[in-house]
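What follows is one structure encoded as structure tokens, with my remarks underneath.
Residues: numbered from 1 along the sequence shown.
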Amino acid sequence: MNPAQKRAVQYGQLINKTVEKIQENQDLLNPEFEILRKALDRDQVDKVDPIMYKRYKHDFEKGTADYKDLEAKLKKGKAPARLMGTHLSLVSAFSKYVEGCVMMSESIGEDQKIERQKFDDAEKIQDENMDKFSKLMQKLTQLAG
């Protein structure tokens with residue numbers, strides 16, 4: 001295997017691991033997000049079980065830390081030359097997604113109060129940028145194939 005082929009394989013592994021980890025995180029956090037979203041929409045955040053609320057807050061913080069870790073690995077990733085532009089766009093979309101995750105985690109207060117505007121804004125940022133990320137992933141797959 002020549003260096004360019006080796007680099008392509010390593011990059012493919014990085015992308016696959018990144019997608020797997022994002023999926024794992026989303027599988028854990030999405031049900032918790034739905035509970036908090038529903039409680040927030042009904043003005044009943046104070047009625048969420050306090051032990052579960054602390055767990056959700058912890059899970060969001062851990063998930064955000066995991067995403068920051070993935071972001072750092074993606075930024076260091078060495079894409080093959082023909083994929084470099086798409087890779088840079090992918091990293092940019094994921095970085096903005098991570099910013100939304102940080103914002104959402106910060107909106108979940110210690111005192112069982114959620115900053116509604118910050119939570120809503122974070123959700124919008126996450127949705128927009130995960131959508132971009134997914135489209136760029138499809139493009140990468142097509143370009144690499």
Side-chain angles (χ1 to χ4, degrees), residues 1-41 45 48-145:
M1 207 182 304
N2 70 35
Q5 290 169 321
K6 200 180 272 188
R7 186 174 178 173
V9 167
Q10 287 171 338
Y11 184 70
Q13 290 170 340
L14 169 68
I15 293 301
N16 287 338
K17 285 179 188 168
T18 300
V19 170
E20 282 174 27
K21 190 66 183 167
I22 289 169
Q23 193 60 55
E24 285 173 24
N25 254 4
Q26 288 181 341
D27 289 348
L28 170 74
L29 295 173
N30 197 53
E32 296 180 356
F33 164 79
E34 293 296 335
I35 289 166
L36 294 177
R37 173 85 265 166
K38 196 177 289 182
L40 192 60
D41 289 345
V45 174
V48 173
D49 179 282
I51 291 166
M52 295 309 292
Y53 182 88
K54 278 190 170 90
R55 182 174 141 200
Y56 302 154
K57 181 170 177 47
H58 171 268
D59 288 349
F60 270 75
E61 289 167 352
K62 184 186 179 316
T64 298
D66 290 345
Y67 284 138
K68 284 182 175 180
D69 198 40
L70 284 176
E71 177 188 16
K73 288 176 182 167
L74 260 183
K75 283 182 177 177
K76 287 182 193 164
K78 304 270 190 258
R82 73 183 191 288
L83 304 177
M84 191 55 82
T86 305
H87 173 74
L88 292 173
S89 297
L90 186 82
V91 169
S92 174
F94 193 68
S95 292
K96 289 175 185 156
Y97 175 78
V98 172
E99 287 171 22
C101 293
V102 168
M103 185 187 287
M104 185 168 283
S105 287
E106 289 173 350
S107 77
I108 303 170
E110 292 289 343
D111 52 357
Q112 201 149 336
K113 286 188 172 61
I114 296 176
E115 292 178 57
R116 178 183 297 272
Q117 191 62 53
K118 199 171 192 177
F119 190 92
D120 292 348
D121 291 348
E123 181 181 9
K124 187 175 180 218
I125 290 167
Q126 288 176 7
D127 287 349
E128 287 173 6
N129 288 289
M130 187 46 68
D131 189 47
K132 285 179 190 170
F133 181 86
S134 297
K135 286 177 181 161
L136 288 162
M137 263 309 167
Q138 288 176 325
K139 185 176 178 182
L140 262 185
T141 306
Q142 292 165 350
L143 288 173

Return yes if some donor-acceptor pair links the side-chain N/O of [X] with the main-chain N/O of [Y] below 3.5 Å, else return no.
| X | Y | result |
| --- | --- | --- |
| K57 | I108 | yes |
| S92 | L88 | no |
| N30 | Q26 | no |

At what distance, to the nearest 0.5 angstrom, does [atom1] of [X] lie from [atom2] of [Y]?
| X | Y | atom1 | atom2 | value |
| --- | --- | --- | --- | --- |
| K68 | E71 | NZ | CD | 8.5 Å |
| K139 | L83 | NZ | CG | 10.0 Å |
| Q117 | M103 | CD | CE | 9.5 Å |
| N16 | Y11 | CG | OH | 10.5 Å |
| K124 | D121 | NZ | CG | 7.5 Å |

Does the side chain of [X] reach to within under 4.5 Å of the side chain of [Y], using non-hydrogen atoms?
| X | Y | result |
| --- | --- | --- |
| L90 | I15 | yes |
| Y56 | L29 | no |
| L14 | K73 | yes |
| Y97 | L70 | no |

For [X] against [Y], the heavy-atom pair lying closest together:
| X | Y | result |
| --- | --- | --- |
| R116 | L40 | NH2-O, 2.6 Å |
| G77 | H87 | O-NE2, 3.6 Å |
| G109 | Y53 | O-OH, 2.8 Å |
| E115 | E106 | OE2-O, 3.9 Å |
| V45 | Q112 | O-NE2, 3.1 Å |
| P31 | D27 | CD-O, 3.2 Å |

Should the pair [X]-[Y] be classified as a salt bridge under the 4.0 Å nitrogen-to-oxygen rule?
| X | Y | value |
| --- | --- | --- |
| D41 | R37 | yes |
| E24 | K21 | yes |
| R55 | E32 | yes |

Q: Using the six-membered ring wherever Trp is involved, compare the ring planes of F33 and F119 and label them parallel, tilted or perpendicular (cut-offs 30° and 60°).
A: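 Because their plane-to-plane angle is under 30°, the rings of F33 and F119 count as parallel.
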
Q.
Let's go through F133 and I22 carefully: what are the C-alpha distance in whole Å and the side-chain angles of both, what is the deciding distance for side chain to side chain contact (heavy atoms under 4.5 Å, CB included) to 0.1 Å, and is it a yes or a no?
A. CA-CA 11 Å; F133 181 86; I22 289 169; 3.6 Å; yes

Q. How far apart are the C-alpha atoms of S89 and K132, what are their side-chain angles, what is the distance that settles it, and do they pass the side chain to side chain contact (heavy atoms under 4.5 Å, CB included) test?
A. CA-CA 9 Å; S89 297; K132 285 179 190 170; over 6 Å; no

